[in-house]
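The structure appears right after this line, and notes come after that.
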Amino acid sequence: MTQAMTMTGRQFAIIGGSGFADFGTDADGRTLVTRYGVPSAPLRRLNYDQHHVSALARHGEAHDIPPHRINHRANLAALAMMGVDSVIALNTVGVIRRQLYPGQLAVPDQLIDYTWGRDHSIYDGSSATLDHIDFTRPFSDPLRTLLLAAAGRIDVDCHDGGVYGVTQGPRLETAAEVDRFDRDGVDFLGMTAMPEAALAREFGMHYACLSLIVNFAAGRGEKAIHEDIDASTLTAKMQSMRVLKAFFTTQTGRSDGPRRT
């Protein structure tokens, strides 16, 4: 997926993580049943100018589904049933790299998966098909480029690239684990990009993360982690909403925010 990409004719979805459980809740939702079960929440619709965008709360609308219990296969299958071919994933992450700080955004370009016991593939032996997807570059470069360009147009501080390390959760990491992840080359720590990214690739979707940096990783900051999170989440969330607004209104030259229907 390295070809140039425009939004013309694309069907987008936003998968919201922590801090986005109420994303689009004043819209009529649509609950779908997939071959993998029911997704985390009803699919709701956001209208950004001429772009109709599906919105899904990854952890459920009550934010009661922990990272290791999310039915990612059902989530992506439901989006596929709605014709979605491009997914923007919103994830809150901790940062290891000292040059970055809570309140900023990032668009990672690589990941390392440290999770276990999750349903990582739609190819589970229940059908005759099998595809060994090329996962050399786990995130869609064209979609990443568009997100970074949107952030640049409105002067939002958004880091280009970096390695997203996906941990099992729901607990946060120890300081020793963070040292290990640092040695592995990890820049950001989150709990939800896998198997979401791989499943999106199996469904033939463009997929990129707009990551909200909300804390320094364990042992790397001067505050307690939850103090960092409480102080930084709203700032990062508001910045991400600005980027999404710029992303979806660029093609028509309008600056309308999302209209929820």
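Numbering starts at 1 and runs along the sequence shown.
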Has [X] got a side-chain atom pairing as donor or acceptor with [Y]'s backbone, closer than 3.5 angstrom?
X	Y	answer
E202	I122	yes
D109	G162	yes
R44	L56	no
D187	V95	no
Q168	W116	yes

Problem - Salt bridge flag under 4.0 Å for residues R73 and D124 - result: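 Between D124 and R73 there is a salt bridge, with a charged N closer than 4.0 Å to a carboxylate O.
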
Verify whether one side chain among [X] and [Y] offers a donor that lies under 3.5 Å from an acceptor in the other.
X	Y	result
Y114	D184	yes
H206	S86	no
Q11	D85	no

Handout entry: Contacts of type salt bridge (charged side-chain N to carboxylate O under 4.0 Å, His left out), residue E177, not counting sequence neighbours
Key =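 Once residues adjacent in sequence are excluded, the partners of E177 under the salt bridge (charged side-chain N to carboxylate O under 4.0 Å, His left out) criterion are R171.
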
Side chains of [X] and [Y]: closer than 4.5 Å at any heavy-atom pair?
X	Y	result
Y101	N215	no
R220	D179	yes
N71	P39	no
H59	P67	yes
I15	I88	no
L105	V243	yes
H159	V107	no
H68	R118	yes

Would [X] and [Y] show up in the same hydrophobic cluster when neighbours are defined by side-chain heavy atoms closer than 4.5 Å?
X	Y	result
I14	I154	yes
Y36	Y123	yes
M241	L234	no
L32	V87	yes
V84	I133	yes

Handout entry: Derivation of the salt bridge (charged side-chain N to carboxylate O under 4.0 Å, His left out) call for D160 and R144
Key = CA-CA 9 Å; D160 180 0; R144 289 185 64 259; 2.6 Å; yes

Atom pair [atom1] ([X]) and [atom2] ([Y]), whose distance is rounded to the nearest 0.5 Å:
X	Y	atom1	atom2	value
I96	I213	CD1	CD1	11.5 Å
S40	E61	OG	CD	10.0 Å
L130	H132	CG	NE2	4.0 Å
Q104	L100	CD	CG	5.0 Å
T235	D157	OG1	CG	12.0 Å
N47	R45	CG	CZ	4.5 Å

Sequence neighbours excluded and cut-off under 3.5 Å, please list the side-chain donor-acceptor pairs for residues 224-232, or say none.
residue	atom	partner	partner atom	Å
D228	OD2	F216	N	3.1
S232	OG	D228	O	3.1

Practice task
Using side chain to side chain donor-acceptor pair (under 3.5 Å) as the criterion, list what pairs up with D113, not counting sequence neighbours.
Solution key: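 Scan of D113 (side chain to side chain donor-acceptor pair (under 3.5 Å), adjacent residues dropped) gives T115, H120.
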
Exercise for the section: Tell me who clusters with V38, hydrophobic residues only, linked when side chains sit under 4.5 Å apart either directly or through other members. Expected result: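 Members besides V38, by chain and number: V33.
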
To check you understand the geometry: which heavy-atom pair defines the closest contact between [X] and [Y], and what is its length?
X	Y	result
A78	T34	N-CG2, 3.7 Å
A74	G37	CB-O, 3.6 Å
V214	A236	CG1-CB, 4.4 Å

Problem - M82 vs L43, side-chain contact (heavy atoms from CB on, under 4.5 Å): CA-CA, chis, key distance, verdict - result: CA-CA 9 Å; M82 295 295 292; L43 298 182; 3.4 Å; yes

What donor-acceptor contacts under 3.5 angstrom involve side-chain atoms of residues 189-198, with partners at least two apart or in another chain?
residue	atom	partner	partner atom	Å
T192	OG1	N91	ND2	3.0
E196	OE1	R58	NH2	3.0
E196	OE1	Y207	OH	2.6
E196	OE2	R58	NE	2.9

Exercise for the section: Show your reasoning for whether side-chain contact (heavy atoms from CB on, under 4.5 Å) applies to F247 and L143. Expected result: CA-CA 10 Å; F247 181 93; L143 186 50; 3.7 Å; yes

Exercise for the section: May I ask you to check whether F248 and F12 place their ring centers less than 6.0 Å from one another? Expected result: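 Yes, close enough.
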
Practice task
Applying side chain to side chain contact (heavy atoms under 4.5 Å, CB included), name anything that partners P108, two or more places apart in sequence or on another chain.
Solution key: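 P108 satisfies side chain to side chain contact (heavy atoms under 4.5 Å, CB included) with F139, Y164, F188, C209, S211 only.
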
Handout entry: Residue pair D119, H72: steps toward the side-chain contact (heavy atoms from CB on, under 4.5 Å) verdict
Key = CA-CA 8 Å; D119 291 322; H72 292 281; over 6 Å; no

